[in-house]
Protein chains: 2
Amino acid sequence: MKVLGLGAVAFALGVEWLDWLKRRLRVSRGPLKEVLFFPSPHVCVEHLFTRHGRFPCACPLPHGVETSFSRLLEHLLSACRSLDLCVFSFSHMELSRAILLLHKQGVIVRVVTDRDYMTITGSQIGTLRKAGICVRHEMSSAVHMHHKFALVDGKKLITGSLNWTLTAVQSNKENVMVTEEPELVQPYQQEFQKLWEANDPANHKPQTTNGGLNR
Amino acid sequence: MKVLGLGAVAFALGVEWLDWLKRRLRVSRGPLKEVLFFPSPHVCVEHLFTRHGRFPCACPLPHGVETSFSRLLEHLLSACRSLDLCVFSFSHMELSRAILLLHKQGVIVRVVTDRDYMTITGSQIGTLRKAGICVRHEMSSAVHMHHKFALVDGKKLITGSLNWTLTAVQSNKENVMVTEEPELVQPYQQEFQKLWEANDPANHKPQTTNGGLNR
């Protein structure tokens, strides 16, 4: 009976451990597929920026809580080689901090954004440019670059309805999908490359002082 | 030699036919995954509404051309039982016509939309309501219902950056993903149900004349 009891406990612990391991390693049927919904509660994400920090953060926000926003940050900060970002509106300070950190770490960051929204109050596009990050914007003023997707190391796609703003993250009803499914990643990678090349300033003549046709 | 030649021709034809069949049936690794990019050229989509029409459409638009928009319409019109739609801004006339047609055909249509954007000029939300389609809106005026996704028969997800407006379809840089991957469809179905229940007018007291706290 004792052996049977111990066996049952060991079995239960084993099942629990396998389940934990599965969650940690995100083993699923096929490539990564994760869906995040917003609004996301405002929690401390300092540990994601300072992984090897010696002291725990002392800010008054809740700590050690996983949220949709912390998952989004984790996915972005997992970039080792490249981050291609196509985003309509970008004013979120912590997302800006993440991009600046990746750039500092040597990750090749490329950003395509909207012509009108890149200059609105609070936009982080100027900060990225000042830091030396390559940013291109939609050249036509008659068209909005309305995408909100990112490609991490060319193999992880982050896409959805979420603009990179505080309102979107903390107030709105929004969705973000994260996937490594090649059939989904590849078309977005091609779209990014197409937009990157189409909006190369070298291929566009500087505008005349009278503003040109599109104004 | 003659037999060998005929064999080679038969083999080549067979390969070609299999390739055609694969494209037609959209056989891929696993469930449907399709990505559509916008802007989409303006072409005639009349044939999608009147599949068994006796006469071809005589409008001046290009005919018989498959575009991102025609694919989006085809996916929506493939609904047999239900269409759950969560959309921020909805003013596109042909998309409205598609929803009205599905409703007329007995498909159960449910719409969740944004409180502010449902009343802007050109919004189709009033038209849907007048036709008897169930529409609920985000109850809080401090929050935007910014999703842009649809669920066809509870098994096909259509999601992306695209609002249902003419500018989004014909001018903007936008993306839409269509998938039947259960791991992706299920969370969106749960989100829809959550929003549907949270915005049930029966659970919300009518506002007082002084406007209440949220105004």
Side-chain angles (χ1 to χ4, degrees), chain A residues 26 28-39 68 86-88 112-115 137-149 157 159-163 165 167-179 181-192 194-195 198-199, chain B residues 26 28-39 68 86-88 112-115 137-149 157 159-163 165 167-179 181-192 194-195 198-199:
Chain A
R26 300 194 175 270
S28 64
R29 286 162 295 170
L32 168 73
K33 294 170 209 85
E34 188 176 344
V35 183
L36 308 170
F37 291 106
F38 295 79
S68 290
C86 234
V87 69
F88 175 60
V112 179
T113 192
D114 186 66
R115 181 191 173 107
H137 62 265
E138 172 60 50
M139 286 292 173
S140 164
S141 63
V143 167
H144 277 307
M145 204 305 298
H146 200 241
H147 289 302
K148 309 108 176 31
F149 72 83
L157 168 68
T159 185
S161 67
L162 187 102
N163 282 307
T165 69
T167 307
V169 169
Q170 288 186 13
S171 302
N172 290 355
K173 303 296 194 308
E174 307 271 6
N175 66 82
V176 167
M177 181 191 290
V178 187
T179 180
E181 177 62 66
E183 279 181 83
L184 294 173
V185 176
Q186 203 182 23
Y188 283 85
Q189 190 71 72
Q190 285 168 353
E191 176 74 358
F192 183 87
K194 199 174 130 189
L195 292 176
N199 293 301
Chain B
R26 296 186 178 276
S28 66
R29 287 161 294 168
L32 168 73
K33 295 170 209 84
E34 188 175 343
V35 182
L36 307 170
F37 290 106
F38 295 80
S68 291
C86 234
V87 69
F88 175 61
V112 178
T113 190
D114 186 66
R115 182 192 172 105
H137 61 267
E138 172 60 50
M139 286 292 173
S140 164
S141 63
V143 167
H144 277 306
M145 205 305 299
H146 200 242
H147 289 304
K148 310 106 175 33
F149 71 83
L157 168 68
T159 187
S161 67
L162 188 100
N163 282 307
T165 68
T167 306
V169 169
Q170 287 184 13
S171 302
N172 289 355
K173 303 295 195 306
E174 307 270 5
N175 66 82
V176 167
M177 180 190 291
V178 187
T179 180
E181 178 61 66
E183 280 181 81
L184 295 173
V185 175
Q186 204 182 23
Y188 283 86
Q189 190 72 71
Q190 285 167 354
E191 175 74 358
F192 183 87
K194 199 175 132 190
L195 292 176
N199 294 301

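In what follows, every heavy atom counts, from backbone to side chain, and hydrogens, waters and symmetry copies are set aside. Worth saying up front: this structure is predicted, and the values here are computed from it rather than measured. Here is the naming used below: chain letters follow the sequence lines, and residue numbers restart at 1 for every chain.
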Residue from A:N172, A:L162, A:N163, A:T167 scoring the most non-hydrogen pairs under 4.5 Å with chain B is A:N172
### Task
Report the option among A:E174, A:M145, A:H147 that has the most heavy-atom pairs separated by less than 4.5 Å from atoms of chain B.
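Maximum pair count with chain B is reached by A:H147.
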(message) What's the separation between atom NZ in B:K173 and atom OG in A:S140, rounded to the nearest 0.5 Å?
(response)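 Rounded to the nearest 0.5 Å, the NZ-OG separation comes out at 7.0 Å.
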Worksheet entry | Inter-residue atom distance A:K148.NZ - B:K148.NZ, 0.5 Å rounding |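 These two atoms lie 6.0 Å from each other.
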> Heavy-atom distance under 4.5 Å to chain A: side chain of B:V35, backbone, both or neither?
Replying inline: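 Interface part for B:V35: side chain.
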Smallest heavy-atom separation, A:M177 atom then B:L184 atom, equals CG-CD2, 3.8 Å
| Any chance CD of B:Q186 has more than 12 other-residue heavy atoms, nucleotides or ligands included, within less than 6.0 Å? |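 No - once you tally the heavy atoms of other residues, nucleotides and ligands closer than 6.0 Å, there are 12 at most.
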**Prompt:** With chain A, which of B:T179, B:V143, B:N175 has the greatest number of heavy-atom pairs at distances under 4.5 Å?
**Reply:**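 Option with the greatest count: B:N175.
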Using non-hydrogen atoms only, which part of [X] is less than 4.5 Å away from chain B: side chain, backbone, both, or neither?
X      : result
A:L157 : side chain
A:Y188 : both
A:E138 : side chain

* Does the A:H146 side chain pair with the main chain of B:A168, one donor and one acceptor, at a distance under 3.5 Å? ->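 Not confirmed, A:H146 side chain does not pair with B:A168 backbone.
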